[in-house]
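Worksheet: one structure, shown below.
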Amino acid sequence: MWTFVGAGAKRFEESRRNMADVMASRVDWIKAAVAEFRPEKNCVVTQDGKTISYDYLVVALGIQLDFGKVKGLAEAVGKNCVSSNYCPDTVEMTWKYLQDLKGGNAIFTFPNTPIKCAGAPQKIMYLADDLLRKKGIRKDVDISYYSALPVIFGAKKYAATLGEVAKRKGINLNFRNHLVEVKADSKEAIFENLDTKESKTVKYDFMHVTPPMSPPDVVKGSPLSDCGGWVDVDKETLQHKKYSNVFGIGDCTNVPTSKTAAAVAGQAGVLRKNLLAYMKGLAMTGKVFGRTDRKSG
């Protein structure tokens, strides 16, 4: 939805609700973040130092944004004509900067990491193109897409069509390039080619950045993580591979599906079915199917 907020089609207030309004009445809501997992002792430690025991654990921590992994980005985003629809603090700036844009270079990026909603970096680009055409200034703006991927989209059946869309709209495609630095004062973006390791400096008048992302810090290096830092679950049952009373769902897991709401929606029913079966000592028959290319969106 934040894509539409960034494009001026939705209001930010429409995208959020109070947690209390959606919390089930029978749930004991502990208002503290997890700081440590101790699955050998069937407990977690919260940031305020409390130890909470469990019989069963479901980990659904999502994915974290790593603006700090790009030099100068954390300081630039939300100002200096740099925005990101992935952050609640900066999504509304996308719309402001697009309205203020009169001409020059508009850059859209895709990082060299797994991300959530892999289609979003392109969606805002196409909406920006439409806005600029409606304003009658598209001919004055050069739109470029810089992606760390070798193709415009991971799913082949969509890649060809999207390539034609970009061509028709006059969008410059630059693959295997990832953002390594933002120089806000001079409005310059520095990209590194992942194959040649050569750097290229590009001037921008507007830049929408998709930040690098990674597993939540509390999961990385924990007993629950795999070598990549993701919650290590069976890709079909969502049960942890080592700790049988632990389950994972969504972006924080290493399930080879796209990290999207659609993927989570498909996993939710499987998790519910298998967790209830495990609690009753029955065979887990639920299996995750569907979208399997993590980078496809």
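Using a cutoff of 4.0 Å between basic side-chain nitrogens and carboxylate oxygens, Arg138 and Asp129 are scored as salt-bridged. Look at Arg176 and Asp195 and you find a salt bridge, because one of the NZ, NE, NH1 or NH2 atoms lies within 4.0 Å of a carboxylate O, short of that distance. A salt bridge links Arg38 with Glu36: at least one charged nitrogen is closer than 4.0 Å to a carboxylate oxygen.
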Apply the test side chain to side chain contact (heavy atoms under 4.5 Å, CB included) to residues Val141 and Ile143: give CA-CA distance (whole Å), side-chain angles for both, the deciding distance (0.1 Å), then the verdict. CA-CA 6 Å; Val141 179; Ile143 297 180; 4.2 Å; yes

Problem set entry | Test side chain to side chain contact (heavy atoms under 4.5 Å, CB included) applied to Lys10 and Trp2, step by step | CA-CA 8 Å; Lys10 293 284 186 179; Trp2 283 352; over 6 Å; no

TODO: Go through the steps for Val264 and Ile249 under the test side chain to side chain contact (heavy atoms under 4.5 Å, CB included), then give the verdict.
DONE: CA-CA 7 Å; Val264 175; Ile249 186 172; 4.2 Å; yes

**Asked** What's the verdict on side chain to side chain contact (heavy atoms under 4.5 Å, CB included) for Lys169 and Met125, showing C-alpha distance, side-chain angles and the deciding distance?
**Response** CA-CA 10 Å; Lys169 291 179 176 293; Met125 180 172 65; over 6 Å; no

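Here the closest heavy-atom approach between residue Val165 and residue Tyr126 is recorded as CG1-CE2, 4.0 Å. Of all non-hydrogen atoms in Trp95 and Val5, the two that sit nearest each other are CB-O, 3.9 Å. Smallest separation of non-hydrogen atoms from Pro121 and Ile124: O-CG2, 3.5 Å. Annotation for Ile137 and Leu101: closest pair CD1-O, 3.2 Å, computed over non-hydrogen atoms. Residues Ala189 and Leu179 share a closest heavy-atom pair of CB-CD1, 3.8 Å. Listed here is the closest heavy atom pair of Asp251 and Thr260: OD1-N, 3.9 Å.
Val91 and Tyr86 fall into different hydrophobic clusters, where Ile, Leu, Val, Met, Phe, Trp and Tyr are joined by side-chain heavy atoms under 4.5 Å apart, directly or via other members. A continuous path of Ile, Leu, Val, Met, Phe, Trp and Tyr side chains, each step under 4.5 Å between heavy atoms, connects Tyr54 with Tyr56, placing both in one hydrophobic cluster. Under the 4.5 Å side-chain heavy-atom criterion for grouping Ile, Leu, Val, Met, Phe, Trp and Tyr, Met1 is not connected to Leu127 through any hydrophobic cluster. Placement of Leu173 and Tyr146 within a single hydrophobic cluster is found when ILVMFWY residues are connected by side-chain heavy-atom separations under 4.5 Å, directly or transitively. Both Val34 and Tyr243 sit in one connected hydrophobic cluster of ILVMFWY residues. Membership requires side-chain heavy atoms under 4.5 Å apart, directly or through other members.
Using a distance-only test at 3.5 Å, with no hydrogens or angles considered, a donor-acceptor pair links the side chain of Gln267 to the main chain of Gly250.
No more than 12 heavy atoms of other residues, nucleotides or ligands lie within 6.0 Å of CG in Asp185, so this atom counts as exposed by the packing criterion. For Lys71, the NZ atom counts as loosely surrounded, since its 6.0 Å shell holds 12 or fewer non-hydrogen atoms of other residues, nucleotides or ligands. Atom CZ of Phe4 has 12 or fewer heavy atoms from other residues, nucleotides or ligands within 6.0 Å. Around atom NZ of Lys79, more than 12 heavy atoms belonging to other residues, nucleotides or ligands sit under 6.0 Å away. The environment of NZ in Lys31 is sparse: at most 12 heavy-atom neighbours from other residues, nucleotides or ligands sit within 6.0 Å.
Taking the side chain as every heavy atom from C-beta outward, Phe110 and Ile115 approach each other to under 4.5 Å. At a threshold of 4.5 Å between non-hydrogen side-chain atoms, the residues Leu194 and His178 count as touching.
A side-chain contact (heavy atoms from CB on, under 4.5 Å) with Ile152 holds for exactly one of Ile171, Leu162, Thr161; it is Leu162.
Side chains of Asp55 and Asn245: no donor on one and acceptor on the other come within 3.5 Å.
A cation-pi geometry, defined here as NZ or CZ lying under 6.0 Å from the six-membered ring centre and within 45° of its normal, does not hold between Lys235 and Trp230.
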Less than 3.5 Å apart, which donor and acceptor atoms pair up between the side chains of residues 198-216 and the rest of the protein, not counting sequence neighbours?
residue : atom : partner : partner atom : Å
Lys203  : NZ   : Ser186  : O            : 3.0
Asp205  : OD2  : Asn105  : N            : 2.7
His208  : NE2  : Asn85   : N            : 2.9
Thr210  : OG1  : Thr109  : O            : 3.0
Ser214  : OG   : Gln64   : NE2          : 3.3
Ser214  : OG   : Asp66   : OD2          : 2.6
Ser214  : OG   : Lys220  : NZ           : 2.8

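Side-chain rings of Tyr145 and Phe108 stay apart, their centers remaining 6.0 Å or farther from each other.
Qualifying salt bridge (charged side-chain N to carboxylate O under 4.0 Å, His left out) partners for Glu13, counting only residues two or more places apart in sequence or in other chains: Arg11.
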